[in-house]
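Computed from heavy atoms alone, side chains included, the values below leave out hydrogens, waters and symmetry copies. Atoms within a ligand are numbered from 1 in the order they appear, just like the ligands themselves.
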Amino acid sequence: MSKALFIIDVQNDFTEGGALGVEGGGAVAAGISRLLSEHPDAYDFVIASRDWHDPDNDNGGHFATDAAPDFVATWPAHCVAGTPGAEYHDALTADAITFHVRKGQGEPAYSIYEGTTEEGGTVHELLDEHGVTEIDVAGIATDYCVRASALDAIEHGRKVRILTDLVAGVDAGSSAAALAELGHAGADLVSSTSVDEA
Ligand SMILES: [Zn+2]
C-alpha cells in the first residue's frame with residue numbers, strides 16, 4: 001500500500017497570465033512546492049498531469065473555433081504541445097515529480113485517468129502496479145480537471161483527499177459545488193497543513 005500526490009495541470013496557461021489563467025494558480029504552484037519541500041517523505045509517488053493539446057486541430061471540439069468559447073465545454077486554445085503555455089509553472093518543483101502524465105492529445109480530457117504516462121501506460125495501471133491506495137489531490141482547476149480526476153480516483157476505489165488550500169478554480173460558484181460534490185462522493189476535504197509524514 002502506498003500513497004501518492006496528484007498534481008493536476010499546474011501549467012503556465014492555467015495560471016495568471018496564461019491563455020486560461022485562473023486566479024490563485026501561481027500560489028497553488030508555490031504552495032505545492034513548499035509542501036513537498038517541507039514534507040519530502042509524505043508521498044511515495046508524485047504524479048503530475050499536463051493538458052497537452054494538438055497544435056493543428058480543435059482537439060475534438062475542445063477549442064472554440066467558429067464561435068466564442070463558452071468556458072464550459074469550449075475554451076480558447078491552451079496548453080498546445082511544445083509551447084511555453086503547456087509547461088509546468090516555474091514555481092512548481094518539477095524535480096519532485098515521479099511520473100509525468102499527458103492528456104488531451106486531439107481530444108478533450110479533464111481527468112488525469114484519461115492521460116498517458118511517459119512509458120505509454122494508463123494511470124490506472126500505474127497506480128495498480130505501485131500499490132497506490134491513498135491519493136491526495138492538488139492543482140487546477142477545482143471545477144474541471146481536479147474534480148474529474150478525484151471522481152475517477154474515488155470510482156477506482158482509492159481513498160482520496162482534496163488539499164483545499166492547494167487548488168484553484170475557474171469560477172467560485174462551480175468550484176464550491178465541485179468540492180461539495182467530491183465530499184458527497186467520499187473524498188475528505190482537508191488543508192495541506194494536515195499532510196503528515198508517511
Ligand atoms: Zn484542455
Taking side-chain hydrogen bond (donor to acceptor under 3.5 Å, both in side chains) as the cut-off, I'd like each qualifying pair that reaches into residues 24-36, sequence neighbours left out, listed once.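 Only Ser33-Thr93 qualify under side-chain hydrogen bond (donor to acceptor under 3.5 Å, both in side chains).
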Ion pair [X]/[Y], N-O distance below 4.0 Å:
X      : Y      : answer
Asp51  : Lys103 : yes
Arg102 : Glu118 : no
Arg161 : Asp136 : yes
Arg158 : Asp188 : no

Roughly how far apart are Ile112 CD1 and Thr122 OG1, rounded to 0.5 Å?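 Those atoms lie 11.0 Å apart.
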Hey, which protein N/O/S atoms does the Zn ion (ligand 1) have under 2.8 Å?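 Correct list: Asp51 OD2, His53 NE2, His62 NE2, His78 NE2.
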